[in-house]
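Here the structure is laid out as structure tokens; the discussion comes afterwards.
None of the values given here were measured: they were computed from a predicted structure.
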Amino acid sequence: MKEKLRILGMAALTLALAAMIAGFWFFVGKQAAKEQEREEALAIDAMYVEIGSHGDYMFVNVDTETPFTAEFPTGQVFRENGEKLSREQISTGDVFRIYGDGAMTMSLPAQYPGVTRMVRIKYGSPEDAEQYNEILEQFKTDPIYTQEEGIIPPE
């Protein structure tokens, strides 16, 4: 009789432990889904545009046409299929979904320091970026040195 109670007790404890583990994984799964929803809600679709000839670039939010700067997060720039992208594979006109904390600075141009991941959602061309020329003109830098003229004095 005592042996049956012991076996029954062990079975009840095993079931309780299994239920706790299942509940934990269910909770973790729900939290991950909530975090993914939050990440998608904060994502920005923006076009990459090179400005100037020194490798300077900006992004323009395609919904609000607001220019901003952001650094490419190391090792976290991808194609839509999940393959990693290098900087050499990115060109003016490409549209990225930019993930991060959603906090933009109130500067001109705005800066997005909290970028965590970028995914190219559309392969573009320089012609696609021409629509933003007027907006970005104010951020283009004049060269301070040319091969022909040397150092150019400020006007």
All side-chain hydrogen bond (donor to acceptor under 3.5 Å, both in side chains) counterparts of [X], not counting sequence neighbours:
| X | result |
| --- | --- |
| Thr14 | none |
| Gln76 | none |
| Thr116 | none |

Any side-chain heavy atom of [X] within less than 4.5 Å of one from [Y]?
| X | Y | result |
| --- | --- | --- |
| Asp45 | Asn61 | no |
| Glu50 | Met58 | no |
| Val60 | Thr66 | no |
| Leu108 | Phe68 | no |

Between [X] and [Y], what is the shortest heavy-atom contact and its length?
| X | Y | value |
| --- | --- | --- |
| Asp94 | Gly124 | OD1-N, 2.9 Å |
| Lys84 | Gln89 | O-OE1, 4.0 Å |
| Pro109 | Ser107 | O-OG, 2.8 Å |
| Ala103 | Pro113 | O-CD, 3.6 Å |

With hydrophobic residues grouped by side-chain heavy-atom distances under 4.5 Å, do [X] and [Y] end up in a single group?
| X | Y | result |
| --- | --- | --- |
| Met104 | Val49 | no |
| Phe24 | Ile21 | yes |
| Leu8 | Leu15 | no |
| Phe72 | Tyr123 | no |

Open item on the list: Donor-acceptor check, side chain of Thr105 to backbone of Ala110, threshold 3.5 angstrom: yes or no?
Closed with: no

Open item on the list: Looking at Gln131, is its backbone amide N or carbonyl O close enough to the side chain of Glu134 to form a donor-acceptor pair, meaning the two atoms are under 3.5 Å apart?
Closed with: no

TODO: Please list all pairs passing the salt bridge (charged side-chain N to carboxylate O under 4.0 Å, His left out) test where one or both residues lie in residues 8-32, with sequence neighbours left out.
DONE: none

- [ ] Among residues two or more places apart or on two chains, list those pairs meeting salt bridge (charged side-chain N to carboxylate O under 4.0 Å, His left out) that have a residue in residues 10-19.
- [x] none

Open item on the list: Distance to the ring centre below 6.0 angstrom and angle to the axis at most 45 degrees; does that hold for Arg87 and Tyr57?
Closed with: yes

How far does [atom1] of [X] sit from [atom2] of [Y], to the nearest 0.5 angstrom?
| X | Y | atom1 | atom2 | answer |
| --- | --- | --- | --- | --- |
| Glu39 | Arg97 | CD | CZ | 11.0 Å |
| Asp56 | Leu136 | CG | CG | 12.0 Å |
| Ile44 | Asp63 | CD1 | CG | 9.5 Å |

- [ ] I would like to know whether Arg120 and Val95 meet side-chain contact (heavy atoms from CB on, under 4.5 Å); could you show each step before the answer?
- [x] CA-CA 6 Å; Arg120 182 169 64 192; Val95 178; over 6 Å; no

Task: Pair Tyr99 + Tyr112: ring centers closer than 6.0 Å - done: no

TODO: Pick out which of Ile90, Val119, Val115, Val62 makes a side chain to side chain contact (heavy atoms under 4.5 Å, CB included) with Phe96.
DONE: Ile90

Task: side-chain contact (heavy atoms from CB on, under 4.5 Å) between Phe78 and Glu83, intermediate numbers included - done: CA-CA 5 Å; Phe78 304 97; Glu83 292 178 23; over 6 Å; no

Task: Electrostatic pair Lys122:Glu80 at N-O distance under 4.0 angstrom - done: no

Open item on the list: One pair to check against side-chain contact (heavy atoms from CB on, under 4.5 Å): Ser91 and Tyr48. What are the steps and the verdict?
Closed with: CA-CA 7 Å; Ser91 62; Tyr48 169 83; 5.7 Å; no

Task: Residue pair Met47, Phe59: steps toward the side-chain contact (heavy atoms from CB on, under 4.5 Å) verdict - done: CA-CA 5 Å; Met47 183 177 288; Phe59 291 94; over 6 Å; no

- [ ] Using the test side chain to side chain contact (heavy atoms under 4.5 Å, CB included), find all partners of Asn133 that sit at least two apart in sequence or belong to another chain.
- [x] Glu130

